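All remarks here apply to the structure that follows.
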Number of protein chains: 2
Amino acid sequence: MVTRKEVAELAGVSEATVSRVFNGVGPMKAQTKQRVQEAAQALNYHPNAIAQSFARRKSGNLGVVLPYVPKVHLFSTYYFSEVLSGIGAKVKEKGYDLLLSFRSLDEESDYIERFRSQKVDACIILGASDTPSERAQLKRLEAEGHSFCLVNQHFAGESFNEIDADHIGGSYQAVKHLMEKGYRQIAFVNGSAQFSNSADRYEGYTRAMREVGKDSEELHKLYYEGNYSRTSGYRMAASLYARRHEIDAIFAANDRMAIGLMQGLRELGWEAGRDVAVVGYDDSDVARVTDPPLTSVAVPFYEMGSLAAERLLAQVAGEPGGFQVKLDTELVVRQSSSRSAME
Amino acid sequence: MVTRKEVAELAGVSEATVSRVFNGVGPMKAQTKQRVQEAAQALNYHPNAIAQSFARRKSGNLGVVLPYVPKVHLFSTYYFSEVLSGIGAKVKEKGYDLLLSFRSLDEESDYIERFRSQKVDACIILGASDTPSERAQLKRLEAEGHSFCLVNQHFAGESFNEIDADHIGGSYQAVKHLMEKGYRQIAFVNGSAQFSNSADRYEGYTRAMREVGKDSEELHKLYYEGNYSRTSGYRMAASLYARRHEIDAIFAANDRMAIGLMQGLRELGWEAGRDVAVVGYDDSDVARVTDPPLTSVAVPFYEMGSLAAERLLAQVAGEPGGFQVKLDTELVVRQSSSRSAME
DNA sequence: ATGAAAGCGCTAACAA
DNA sequence: TTGTTAGCGCTTTCAT
């Protein structure tokens, strides 16, 4: 291990001067600087990051918490991958490191421990859901003064830092699109209620449907609920098929359910894009590869991750005030909802 | 900030005793232990992880390096997600933390800096490729005495730690499967040559083909090369279609290319599973959702990640000897290669 | 422009 | 069984 001390000796300066050179602080003679740099080079000296963190009382780490998802190997979803990439890019730009935490089922999640032990300076929490225990944990974090940010999840009544997307608008657009194509009997396949954006999507859907005169009773009949998995979409196919004479289009709250649904319906002889129009949500990779390709609502996950990291790190650096941002979503039209594909 | 000192005072013991309690070392009276625990609880004391790392001269972090992949938002691939999940689970089990590094294009990758600055105790390198500069960097790492492990990539002639999968066997199985179905004119769509497992797959393919008497010239005519992206598969469709009378099956080196290929061929009127048999590789999520569902070779990515972390951490903990492991792959048959689907 | 020195919170060797 | 103490490598304040 080469320490600062050895560099100082070789360069004939004090240890403090070596630090100054490496941190670029304070005035110093160009010549001194160069001598130090040469000495460091010669010895292959690299400052010890842990010692720096220790002395600075800053870990230099941004934590990212991933939700516990049984069975499904966690990352196998478009959403996490994109958000994480966005965070990673920003964190790197800011000179931070990214510490990943996989949540388990323990009540006291261990990411709280990462905070308390000061192994992270701030934290981005992905896949949070609005349950009493989750709320309580977040409130506790807030009370203890830890900096964190939620992505793609809103907690009504709290002022947590949040980077969300406009799922009301996205859903509204999706349904409007189907209406423009002439559909009116539009079923809505929603995901789990514990995510705020399920409610948002329902809100967007409802708003559009009400505009064409649908009442609560009608909407109720057109409502289905899965859990965002492909399998849940697949399983709902039968129920939707049973009411095929009262349905001419389907809006699913994510692509995975939409795809499961399309597969299930196909097996029953009901083809998406021919017998029924289908629109998904997320515009994930798979939307491009289904048959027919899936019309879907694009969510700027990458940007959301990047922005979350940026704002959070700025806050940690002293910028005052919290933040609650909503980014725009955008409909991407493909064949699953197109009239022409239906001859 | 609550420190050990305050806990010691409240409990009426020395600081060292507090440490002992928290680390469970040395003999101690049950009563002392309890007094310390109560004091800690009362003060809401949590040991400072950075200070511990500093004193122990161990970061407690396992680094994971992700390759630079332009354009494609990095995680959007099954492989990384799975491996990372596997690593995450193991790392957590072992009480380590996971530090993610996204590689950029810089020559001196910054993960080397993570090593030199001792921010990680060891490193798992994903998506490495066999280029001269990469080899040189790895050799340098080795020379500097850093512990690292490669996943899904073999460097011939080196003794780096590696967790790989049997891609020769996997490919051999895939081709044999097609042969059992009666196909003989089997084209091979490979990925980039800089990955050792491209060569492995070619090797497995060749072995099977030679067994039925194919010579080099024939194999040459059946060889295509993309870059593992869906787009590259899509673009190759035309070339394959042009030679459709000399091809009755296609083995693609990953699912993404297989899917692009199937899409491209369909647009040309050549349906996978009807006009031509197709087998992919990776058995990723999408293999289940294509139409027809894609026969593919399953690779135990999750286990590979988990094993890599386990062996590497054991090595860091002092276990002697390096490791080079190859896990088995397994063919998963679906409709894209089935005769029945071809009427 | 540079040096001296006091920590940072903990581990671990040694003493008692 | 418990206390004392010397670091760990660096940052930062205060002198000079």
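Just so we're on the same page: letters track the sequence lines, and every chain starts at 1. Atoms considered below: every heavy atom in the structure, side chains included; atoms not considered: hydrogens, waters and symmetry mates. None of these values were measured; they are calculated from a predicted model.
For A/R116 and C/dG9, the CZ to C1' distance is 19 Å, given to the nearest whole Å. Between B/K5 atom NZ and C/dG7 atom C1' the separation is 11 Å, expressed in whole Å. When rounded to the nearest whole Å, the span between CG of A/N48 and P of C/dG9 equals 17 Å. Remark: C1' of D/dG9 and CZ of A/R56 are 12 Å apart, rounded to the nearest angstrom. The interatomic distance linking B/K119 (NZ) with D/dC10 (P) rounds to 14 Å, in whole Å. Rounded to whole Å, atom C1' of D/dG3 lies 14 Å from atom CZ of B/R35. D/dT12 atom P lies 7 Å from atom CG of A/N23, rounded to whole Å. Look at CD on B/E15: it is 10 Å from P on D/dT4, rounded to the nearest Å.
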Pairs under 3.5 angstrom, nitrogen or oxygen only, protein versus nucleotides 14-16 of chain D, please.
none

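Remark on DNA chain D: of its neighbouring residues A/A49 and B/T17, the 5'-side contact belongs to B/T17, judged by nearest-heavy-atom nucleotide.
Contact annotation for A/V25: no contact, since no heavy-atom pair falls under 4.0 Å across all strands. As judged by a 4.0 angstrom heavy-atom cut-off over every strand, A/F22 is placed among residues making no nucleic acid contact.
With salt bridges taken as basic N to acidic carboxylate O contacts below 4.0 Å, one links A/E93 and A/K90.
Residues A/C149 and A/R311 fail the side-chain proximity criterion, which asks for heavy atoms closer than 4.5 Å.
In this structure, B/H146 and B/F115 have parallel ring planes: the angle between them is below the 30° cut-off, well short of the 60° mark.
The side chain of B/M28 sits closest to D/dT2 out of D/dT2, D/dC10, D/dT4. Of all nucleotides listed (C/dC10, D/dT2, C/dA1), C/dA1 comes nearest to the side chain of A/P27. With distances taken from any side-chain atom of B/R57 to the nucleotides C/dT2, D/dC8, C/dG3, the minimum falls on D/dC8. The side chain of B/A55 has D/dG7 as its nearest neighbour among D/dG7, D/dT1, C/dG3.
For B/T32 and D/dT2, the shortest distance from a side-chain N or O to OP1 or OP2 is below 4.0 Å. In this structure, B/S14 does not reach the D/dT2 phosphate: none of its side-chain N or O atoms is under 4.0 Å from OP1 or OP2.
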List the steps, then state whether side chain to side chain contact (heavy atoms under 4.5 Å, CB included) holds for B/Y111 with B/V120.
-> CA-CA 9 Å; B/Y111 71 92; B/V120 301; over 6 Å; no
Verdict with reasoning, B/E144 to B/R140, per salt bridge (Lys or Arg N to Asp or Glu O under 4.0 Å) = CA-CA 6 Å; B/E144 291 184 12; B/R140 177 129 188 232; 3.3 Å; yes
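Inspection of the A/E38 and A/Q34 side chains reveals an N or O donor paired with an N or O acceptor under 3.5 Å.
Here the options are A/R135, A/Q194, A/Q153, A/H154, the test is side chain to side chain donor-acceptor pair (under 3.5 Å), and the partner is A/D130; only A/R135 passes.
The two residues B/A40 and B/F22 have their closest heavy-atom pair at CB-CZ, 3.6 Å.
The stacking criteria are not both satisfied for B/F54 over the base of C/dC10, which would need a centre-to-centre distance under 5.5 angstrom and an angle between ring planes under 30 degrees.
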